[in-house]
Amino acid sequence: MPLWSQSLIPTLRENPQEAEIPSHTLMLRAGLIRRLSGGLYTFLPLGLRALRRVERIVREEMDAAGALEVLMPALQPRELWDRTGRYEAMGDVMFKVRDRQQRELVLGPTHEEVITELAAREINSYRGLPRTFYQIQNKFRDEIRPRFGLMRAKEFSMKDAYSFDLGWDEADASYQAMYNAYTRIFTRCGLRTRVVEADTGAMGGKWSHEFMVLAEAGEDGLVECEGCPYAANLERAERRAPDAPPPPQAAADGAAESPRDVETPGCKTIEQVSAFLRCEPARLIKTLIYTVNGRPAAVLVAGDRDLNEHKLARALETGDVALADDATIERVTGAPVGFAGPVGLDIPVYADQGLRGISGAAAGANRADTHVTGVSLDRDAAVTAYYDLAAVREGDRCPRCGGRLREKRGIEVGHVFKLGTRYSERLGALYLDEHGERKPMVMGCYGIGVTRTLQAVIEQSHDDKGIVWPAAVAPYPVVILDLDPSVPASAGAAARLAETLEARGIDVLVDDRDERPGIKFHDADLIGFPLRVVIGRRGLEQGKLEVKRRTEEKAEMVAIEAAAEAVAARIREWSGGVKE
RNA sequence: CGGGGCGUAGCGCAGCUUGGUAGCGCGCUUGCUUCGGGAGCAAGAGGUCAGGGGUUCAAAUCCCCUCGCCCCGACCA
């Protein structure tokens, strides 16, 4: 029988200075975790119990989905990462170490290389497919800025899974199976999640979905459509182009005016130019000089829009896009930074689809202190191609149904990718099909941030008194507050109830501390045990104790003999329906 | 890496402007009283004031450097 007095549960009365968002503050205050150093945390007994509860749900659902649990090394040879080209691609996020032979190793930020290597060696025939493997293990990433406790840490627990299939259709089925398992996992954890289309980033691959926990403190922006199921990470979000470009400002004279240079001394920003020319920002053509695969190119968006670099990279099918440095900009435009424009440029020009057909617009003249007005983009500039490049924002139109898009924030707790054959080809994960033909396995990969999920649960489920644990992930579903632990009758009643509950498979923590009742009540609320049983003199005199849900204000008085059943009934209520 | 802020007892903070015995609240220890929503009284313990260097008769306080932490940005399977 776990006794509070024998554990280490260092609750904090005040908000620690190191924490900013509710979940982080509460994890520290409730004595779940302690920081060792930036982005590195120790799990204390209660925090670890909660983490194990999440892991258990993940294991059960992965197993149920037919995935096979394995455990791969966190330390991996650099050579393996060179073979997929990701040693370079990952850059500084990988922790790099050397052994005493000076062999270069990395601390795994993820395990595509290792698992694909394994599949390449051990699976040779179509008879061995499909297979999905998973593990729960600590990952290491040298984050630029660790943040918000477990939300973005340098070492964190992740469940990663990898599927290997005969072909694309089969891979779709594996993907769907994981997608479904994820939905069940997060539901069982008591989370409300939103699935969004996502960018694949350094992972590569064709397609991916992220499972987002909607929260103010979320690090990711996303949009969802008010009229249809479309939802996407802002990194990837698309929009339907406006039906028509804004009409020319000087439309009165009928025909589009011709380009004319205007002196705009010192006007470098959109705000300055728009104020100077008395022209709304949407009528300015923002011209950004980029390097794409090392070569300069111009990228155009409307003056009131931001460019989405992820979308630019996707459109141009490259990972190598970066804003050009000042020297390059001056060389290709022949003007100081701030006066670039599309007219007369002899580099590729990529324009946002929202600019299609625009006329009577203004842009930089590629000459110091000068802009051009009366620009008709198609007539006056050589646009190489139009793409959807602008960053989507609240109020834009849905790419599917044309409805209004709404912006939200979320915490990414899960991410599923259709990887394709990128890794299997490079690492030789090939199989012989029934015709004796050698083919690459088609892969998918699927991650859940386990520690992050735990914190997301708290972020989504707390009140002004503390955490409100869903029963499925609470460190203990029940806490028994013994208000008079020095009184044998009281301690005896607490022990008997705890033993009865444990015999029924219900974990209980007994608060037997020699503390005043107020402290015990506050700590119980702070930690957020779903059920609280109070044993005190008042009740004992009538042979009763009280049972209260964390979510309810009022307690129920229950006869001592009926207490175990009363508790068990409430626990059943929580686990029923979801778990089957 | 750029910008901003902070490092003083276990936690939260004051003191620094204007240099002169290191403080407050909570927590901790002991005793007495108290005991159903963070008790009262009394007595205590606990600090190289992040570290290093400099200025000065004298530095938590002024100057320089380094380190750590937090926030914003860039970045992010």
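Labels below follow one simple rule: chain letters A, B, ... track the order of the sequence lines, proteins then strands, and each chain is numbered from 1.
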Round to the nearest Å and state the distance from [X] atom [atom1] to [N] atom [atom2].
X      : N      : atom1 : atom2 : value
A:R513 : B:rG37 : CZ    : C1'   : 13 Å
A:E20  : B:rG5  : CD    : P     : 16 Å
A:E515 : B:rG36 : CD    : P     : 14 Å
A:I519 : B:rG27 : CD1   : P     : 7 Å
A:D142 : B:rC1  : CG    : C1'   : 13 Å
A:R13  : B:rG27 : CZ    : C1'   : 8 Å
A:R236 : B:rC76 : CZ    : C1'   : 17 Å
A:E235 : B:rA74 : CD    : P     : 11 Å

Any Lys/Arg nitrogen of [X] or [Y] sitting under 4.0 Å from an Asp/Glu carboxylate oxygen of the other?
X      : Y      : result
A:R570 : A:E556 : yes
A:R83  : A:E79  : yes
A:R152 : A:E219 : yes
A:K465 : A:D463 : no
A:K96  : A:E104 : no
A:R86  : A:E112 : yes

Problem - N or O in side chain of A:S37 less than 4.0 angstrom from B:rC69 OP1/OP2 - result: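 Result: yes.
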Practice task
Look at A:R516 and B:rA39 and indicate whether a side-chain polar atom (N or O) is within less than 4.0 Å of OP1 or OP2.
Solution key: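 It does, given that an N or O in the side chain of A:R516 lies less than 4.0 Å from OP1 or OP2 of B:rA39.
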If [N] has a Watson-Crick or G-U wobble mate with both distances under 3.5 Å, name it; if not, just say none.
N      : result
B:rA58 : none
B:rC1  : B:rG73
B:rG36 : none
B:rC49 : none
B:rU18 : none
B:rC13 : B:rG23
B:rA42 : B:rU30
B:rG68 : B:rC6

[atom1] gap between [N] and [M], integer Å:
N      : M      : atom1 : answer
B:rA22 : B:rA50 : P     : 15 Å
B:rC76 : B:rC16 : C1'   : 40 Å
B:rC63 : B:rU29 : C1'   : 43 Å
B:rU17 : B:rG2  : P     : 30 Å
B:rA60 : B:rC13 : C1'   : 15 Å
B:rG38 : B:rA43 : P     : 26 Å

N/O contacts under 3.5 Å, protein versus nucleotides 42-47 of chain B?
none

Problem - Exceeds 12 heavy-atom contacts within 6.0 angstrom, atom CG of A:N180 - result: yes
Problem - CZ (A:R537) with more than 12 external heavy atoms under 6.0 Å - result: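 Not more than 12 within 6.0 Å, no.
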Practice task
From the options B:rG36, B:rG38, B:rC75, select the nucleotide whose nearest atom is closest to the side chain of A:F521.
Solution key: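 Of the options given, the side chain of A:F521 lies nearest B:rG36.
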Exercise for the section: For the side chain of A:R35, starting at C-beta, report the closest nucleotide among B:rG38, B:rC69, B:rC76. Expected result: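 Within the option list, the nearest is B:rC69.
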Problem - Sub-4.5 Å side-chain heavy-atom contact between A:D514 and A:S486 - result: no
Problem - Ring centres under 6.0 angstrom apart (A:Y162, A:F133) - result: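 That pair fails the under 6.0 Å test.
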Practice task
With a 4.0 Å heavy-atom cut-off, tell me which residues in residues 143-155 of chain A come close to RNA chain B, sorted by residue number.
Solution key: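 The stretch gives A:I144, A:R145, A:R147, A:F148, A:R152 as the residues lying under 4.0 Å from the strand, ordered by number.
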Exercise for the section: Go through residues 531-547 of chain A and report each residue with a non-hydrogen atom lying under 4.0 Å from RNA chain B, sorted by number. Expected result: A:R532, A:V534, A:G536, A:R538, A:G539, A:E546
Practice task
Could you tell me whether A:D484 contacts a base, only the sugar-phosphate backbone, or nothing, with contacts defined as non-hydrogen atoms closer than 4.0 Å?
Solution key: nothing
Problem - A:K139 to A:F156 six-membered ring, cation-pi geometry met (6.0 Å, 45°) - result: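 Not satisfied by the 6.0 Å and 45° rule.
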Problem - Stacked cation flag A:R131 on A:F164, 6.0 angstrom / 45 deg - result: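 Geometry flag: not set, cation outside 6.0 Å or 45°.
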Handout entry: Counterpart residues, ring pair (Phe, Tyr, Trp, His ring centres under 6.0 Å), relative to A:H415 (two or more places apart)
Key =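 Ring pair (Phe, Tyr, Trp, His ring centres under 6.0 Å) check on A:H415 returns A:F417.
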Problem - Partner residues of A:Y134 under the ring pair (Phe, Tyr, Trp, His ring centres under 6.0 Å) criterion, sequence neighbours left out - result: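 Partners of A:Y134 under the ring pair (Phe, Tyr, Trp, His ring centres under 6.0 Å) test: none.
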Practice task
Hey, which sits more toward the 5' end of RNA chain B by its nearest nucleotide, A:R29 or A:D220?
Solution key: A:R29
Handout entry: Contact nearer the 5' end of RNA chain B, comparing A:L483 with A:G449
Key =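 Result: A:L483.
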Practice task
Report the distance from atom CG of A:D484 to atom CG of A:D512, rounding to the nearest 0.5 Å.
Solution key: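 Rounded to the nearest 0.5 Å, the CG-CG separation comes out at 12.5 Å.
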Practice task
Answer yes if the side chains of A:D160 and A:Q137 hold a donor-acceptor pair under 3.5 Å, and no otherwise.
Solution key: no
Exercise for the section: Answer yes if the side chains of A:K154 and A:Y41 hold a donor-acceptor pair under 3.5 Å, and no otherwise. Expected result: no
Exercise for the section: Determine, for nucleotides 10-15 of chain B in 5'-to-3' order, which nucleotides have protein heavy atoms under 4.0 Å from the base (write B), from only the sugar-phosphate (write S), or from neither (write -). Expected result: -BSS--
